[in-house]
There are 2 protein chains.
Amino acid sequence: MSGAFDGFDLKILRVLQENAALTNQEIGEKIGLSASQLSRRRQKLEQDGVIRRYRASLDPDALGLGVTAYVGVTLGAHSRENARRFREMVTTMPEVQEAHTLTGDVDYMLKVVVKDLKALGRIINDELLPHDAVQNVRSSIAMETLKDDNLLPL
Amino acid sequence: MSGAFDGFDLKILRVLQENAALTNQEIGEKIGLSASQLSRRRQKLEQDGVIRRYRASLDPDALGLGVTAYVGVTLGAHSRENARRFREMVTTMPEVQEAHTLTGDVDYMLKVVVKDLKALGRIINDELLPHDAVQNVRSSIAMETLKDDNLLPL
DNA sequence: AGTGAAAAACAATGGCG
DNA sequence: CGCCATTGTTTTTCACT
């Protein structure tokens, strides 16, 4: 485990999570480091797993994905097998962007992105509710998204 | 302005949102297109805003960010000015990864990532609750994250 | 719209302060 | 550990089908 990042590493990470299209040269100019050093430090951060991957962030609206919803799911029978199968299902559903187990009265919280409300209904009624383990589903639709950058606070 | 994507564009987007580190050559081999075409189509997708940006996805745990929470916020006085100032605040808070207005009994839902529970408490008690517009705050902590890829279903 | 090859830009590596 | 110079890749552009 590579414990400590120094200030440079942190700056590199800050820049890269906001804009991974910048060249090592450009990042180096921003933070006062040479391009070759950027290259080396980047490789290390990638190998250490601090940088997990690079991805293109797409515009949902441009792709006809107009509805974001948070779906709270309560399981009925809390058997280990039921829970396992539920988790298996949600992790493989492409419309589910995030899935967490939460403290409080709801067992799972899903973030779901779909084309329209009809598609949301289909997910809830045809996929979630029929599942043996699921007792209750409650969805809230995002009317407006103020922020959705998923940038970690560094 | 961005009319229709053909099958190639869709394939490019699918690959790029999963792994933007692949070269045009590699993507081209996957989907049956030359590197030069990849370059041209990518530039168009970027200009059209379908690809919003490229980012590095970082490991929260490796950066000491152990706590993800969903914070539901209910506003008290629903004046236009109050709402505006609240939105201004949450959009500029680095710990807030996502912020949406929701249907249902909660006005805003925030996804918050912080170092520990103490930091979460500080956000809630020192930033959110003291705000004039805020009437009530209710947070749920993510005990386990099953999925967090934020990949759009294409 | 598509390809392939040349030119330009970039990342990665080895040597040196 | 840091920077500079060289080498190998990758992207981009151009000529052409």
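A, B, ... follow the sequence lines: proteins, then strands. Residue 1 opens every chain.
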For the side chain of Gln37(B), counting heavy atoms from C-beta on, which of dG2(D), dG2(C), dT12(D) is nearest?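 Comparing dG2(D), dG2(C), dT12(D) against the side chain of Gln37(B), the answer is dG2(C).
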If you check the Arg41(A) side chain, which of dG2(D), dT12(D), dA12(C) turns out closest?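 Looking only at heavy atoms from C-beta outward on Arg41(A), the closest nucleotide is dG2(D).
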Could one point to a donor on the side chain of Ser34(A) or the base of dG2(D) with an acceptor on the other under 3.5 Å away?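 It does not, because no donor-acceptor pair links the side chain of Ser34(A) to the base of dG2(D) below 3.5 Å.
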Rounded to whole Å, please give me the gap between [atom1] in [X] and [atom2] in [N].
| X | N | atom1 | atom2 | result |
| --- | --- | --- | --- | --- |
| Arg42(A) | dA11(C) | CZ | C1' | 9 Å |
| Leu38(A) | dT13(C) | CG | C1' | 15 Å |
| Leu33(A) | dA12(C) | CG | P | 14 Å |
| Ile31(A) | dC3(D) | CD1 | P | 10 Å |
| Glu26(A) | dA11(C) | CD | P | 8 Å |
| Gln25(A) | dC10(C) | CD | C1' | 9 Å |
| Ile12(B) | dT11(D) | CD1 | C1' | 14 Å |
| Asn24(B) | dA11(C) | CG | P | 14 Å |

Between OG on residue Ser36(A) and CZ on residue Arg41(A), distance to nearest 0.5 Å: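 If we round to the nearest 0.5 Å, Ser36(A):OG and Arg41(A):CZ are 11.0 Å apart.
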Derivation of the side chain to side chain contact (heavy atoms under 4.5 Å, CB included) call for Arg14(B) and Ile31(B): CA-CA 11 Å; Arg14(B) 261 196 278 259; Ile31(B) 70 172; over 6 Å; no
Looking at Gln43(A), does any N or O in its side chain come under 4.0 Å of the phosphate oxygens OP1/OP2 on dA11(C)?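 Gln43(A) to dA11(C) OP1/OP2: no side-chain N or O under 4.0 Å.
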Atom pairs and distances, donor-acceptor, side-chain atoms in residues 119-134 of chain B, under 3.5 Å, two or more places apart:
unit_1    : atom_1 : unit_2    : atom_2 : d
Asn125(B) : ND2    : Gly121(B) : O      : 3.1
His131(B) : ND1    : Ala133(B) : N      : 3.1
Asp132(B) : OD2    : Arg85(B)  : NH2    : 3.3

Reading DNA chain C from 5' onward, which residue's closest nucleotide shows up sooner: Arg40(B) or Thr23(A)?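 Counting from the 5' end, the first nearest nucleotide belongs to Arg40(B).
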Would you mind checking if Arg52(A) and Asp149(B) are paired as a salt bridge, meaning a charged N to carboxylate O distance below 4.0 Å?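 Salt bridge absent between Asp149(B) and Arg52(A).
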